[in-house]
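Heads up, the thing below is written out as structure tokens.
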Amino acid sequence: MAELEFVVAAVVTLVAMSMAFKESWLSRITEHLALGVLGGYATVASIKYLIDTISTQVAGADYINLIPALFIGVLLYFQFSKEYRWVSGIPTSLLLGTMLGLLSSKTIRPQIIEQITATVFSFSGADAMTSFNNIIILITTAFSLFFFFFSAGYSGTSGKLKQFARYIIMLSLGASFGNMYMGVVTRLIDRFMFLLGVY
Amino acid sequence: MSTQSKISDFLKDKIQIVNIVFILTIVLPILYPISMPIPISKEVRDAYEYVDALPDGTLAIYSVHLSASIWPEIGPPFTAVLNHIIEKDIKIVFISDAAQGPALIERGIELIGGKSKLGEYGEDWVLLGYLPGAFEVSLATFMEDSSIYSKDYYGNLVSELPLMSKLPAGKDADVFLGNVGGISTLEPVVRQAGPYLPIVVCGISSSGYSLSMPYYEAGSLVGVVPPGSGGAAYEYMSGKPGLAMQTQVTLSFPNLFMVLVIILTNMSFLLKKVRGGT
């Protein structure tokens, strides 16, 4: 059975890679297969969690938490009814409200205060290079914010500043793209290592 | 159409030649590995030194966002850190917000030598499994009340696991180790676990690495192990070479090839412009 697993994985990998040369009905099947398996696995895993939670709470007679949670969960299925779709808005709003509340209550310190402090008030570093880097970060952050906050055109002094900010943003996007490219190639290397029997 | 004419038609399309050379730059270093220096960045060193300094008996929450698609990026640093942790007496509680996470955690454990390396299940380590739903909400709830998990990945009641009696809430742990998929999983960790525990990012996808650096520079993260060179550096520092080092060395050649292609195509574009072409 383990050998069959590796054979199937190798065949699917090679068929998926053939898309780089020519798309075919086989490569399209592997795309659908990947999406189907991912979706199916996640669905089964979620249902397993639900069954485990319900069975544990029923066994412990913990109905105070279970019944309201099940009721709110069932209300979500009204999404499929044309007439009573509005009912599904109640649990949706509860879920979104909870998430937004948790998000916003803990955003201020790490994502605003600490970031501003680190950007604006940290000129000195362990060595000269770190201090230089900190100054560069402050300048490029200021220019990037200027680019997005002000809708001035590309003429005059503000235009030159905007042009410089644009180059900075393009540099950072290029660096991000380079990182992303390396991640994709790493995945390709992993597949080749698998095909060549390295692990 | 003869085979020879099919091959010649195929090779007339220059992109196929580039594809073939690109594949060779990956396959040849895998078949004939060479050793190369591994750079060690400050954030990796900080992550390693922090984990190395953890005292015996430390209780760690290890949040692993692993899926099959990002295993090549996050898997090697994950195994590198696990290889480091098994040398110490650190208790680990694995949680995951990805459906495939628990299965891939088991794969990582197999790669370091099996479950016995982590100690006794239930006493030294626990795999709680996948928690569906919005990661922000599930992690926030777990940090306040770990009974959000009723059963672990293997079907055991969480209330009957001795290790979980020391963790009534996630915030009662000593350190938060995270293998995060990207910024969308890192930010909930920083927001929900950050107020309570020091966070070490033991692996992050390449798209999220550059976005995680502001949090590292601001002190929200103790250390970050990036994909590729980070995992390789971590293996080098822990003295246990593995997948990450092999992948990193192999990665250098297709990267060099792509830089060459970019330079050549840009030169061709500039020459055309200089000559007045379109």
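In the text below, chain A, chain B and the rest are named by the order of the sequence lines, each starting its count at 1.
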Please report the C-alpha distance between B:Lys42 and B:Tyr216 in whole Å, then the side-chain angles of each, then the deciding distance to 0.1 Å, and finally whether the side chain to side chain donor-acceptor pair (under 3.5 Å) criterion is met. CA-CA 10 Å; B:Lys42 185 176 176 297; B:Tyr216 168 72; 3.2 Å; yes
Side chain, backbone, both or neither of B:Gln100 within contact of chain A (heavy atoms, under 4.5 Å): both
Out of curiosity, B:Asn156 CG to A:Asp52 CG, how far, rounded to the nearest 0.5 Å? 10.5 Å
Under the criterion side chain to side chain contact (heavy atoms under 4.5 Å, CB included), which of B:Ile34, B:Ile26, B:Leu24 is the partner of B:Phe253? B:Ile34
Count the heavy-atom pairs under 4.5 Å between each of A:Val44, A:Thr53, A:Asn179, A:Leu95 and chain B, then report the option with the highest count. A:Asn179
Looking only at B:Pro29, B:Ser67, B:Ser69, B:Ser159, the option with the highest number of non-hydrogen pairs under 4.5 Å against chain A is B:Ser69
Answer with side chain, backbone, both or neither: which region of B:Tyr215 has an atom nearer than 4.5 Å to a non-hydrogen atom of chain A? both
Side chain / backbone / both / neither for A:Phe177 at chain B, heavy atoms under 4.5 Å: neither
Go through the atoms of A:Ser55 and report whether side chain, backbone, both or neither lie under 4.5 Å from a heavy atom of chain B. side chain
Under 4.5 Å from any heavy atom of chain A - which part of B:Tyr130: both
Would you mind checking which part of B:Leu251 comes under 4.5 Å of any heavy atom in chain A, side chain (CB onward), backbone (N, CA, C, O), both or neither? both
With a 6.0 Å cut-off (strictly less than), is the heavy-atom count around OH of A:Tyr77, excluding the residue itself, greater than 12? no
Which bit of B:Pro227 comes within less than 4.5 Å of chain A, counting heavy atoms only: side chain, backbone, both or neither? neither
Tell me, for A:Phe192 versus chain B, whether the close heavy atoms (under 4.5 Å) come from the side chain, the backbone, both or neither. both
Roughly how far, to the nearest 0.5 Å, is the CG atom of B:Asn19 from the CD atom of B:Gln16? 5.5 Å
Working to the nearest 0.5 Å, report the span between CE of A:Met170 and CZ of A:Arg166. 6.0 Å
Counting only heavy atoms not in A:Tyr84, do more than 12 sit closer than 6.0 Å to its OH atom? no
Shorter than 4.5 Å, heavy atoms on both sides: which option in B:Ala134, B:Pro195, B:Ser207 has the most such pairs with chain A? B:Pro195
Which bit of B:Leu211 is near chain A, if near means a heavy-atom gap under 4.5 Å: side chain, backbone, both or neither? neither
To the nearest 0.5 Å, tell me how far B:Thr185 OG1 sits from B:Ile204 CD1. 7.0 Å
Highest number of heavy-atom pairs under 4.5 Å with chain B among A:Gln111, A:Glu114, A:Met17 belongs to A:Gln111
Compute whether any side-chain donor of one residue and acceptor of the other, for B:Glu73 and B:Ser206, lie under 3.5 angstrom apart. yes
Who among B:Val190, B:Val137, B:Ile70 has the most heavy-atom pairs with chain A under 4.5 Å? B:Val137
Structural part of B:Thr250 lying under 4.5 Å from a heavy atom of chain A: both
Would the number of heavy atoms belonging to other residues, nucleotides or ligands and lying under 6.0 Å from CG of B:Leu256 be above 12? yes
Please identify, among A:Gln115, A:Gln57, A:Met180, A:Lys48, the residue contributing the most non-hydrogen atom pairs under 4.5 Å to chain B. A:Gln115
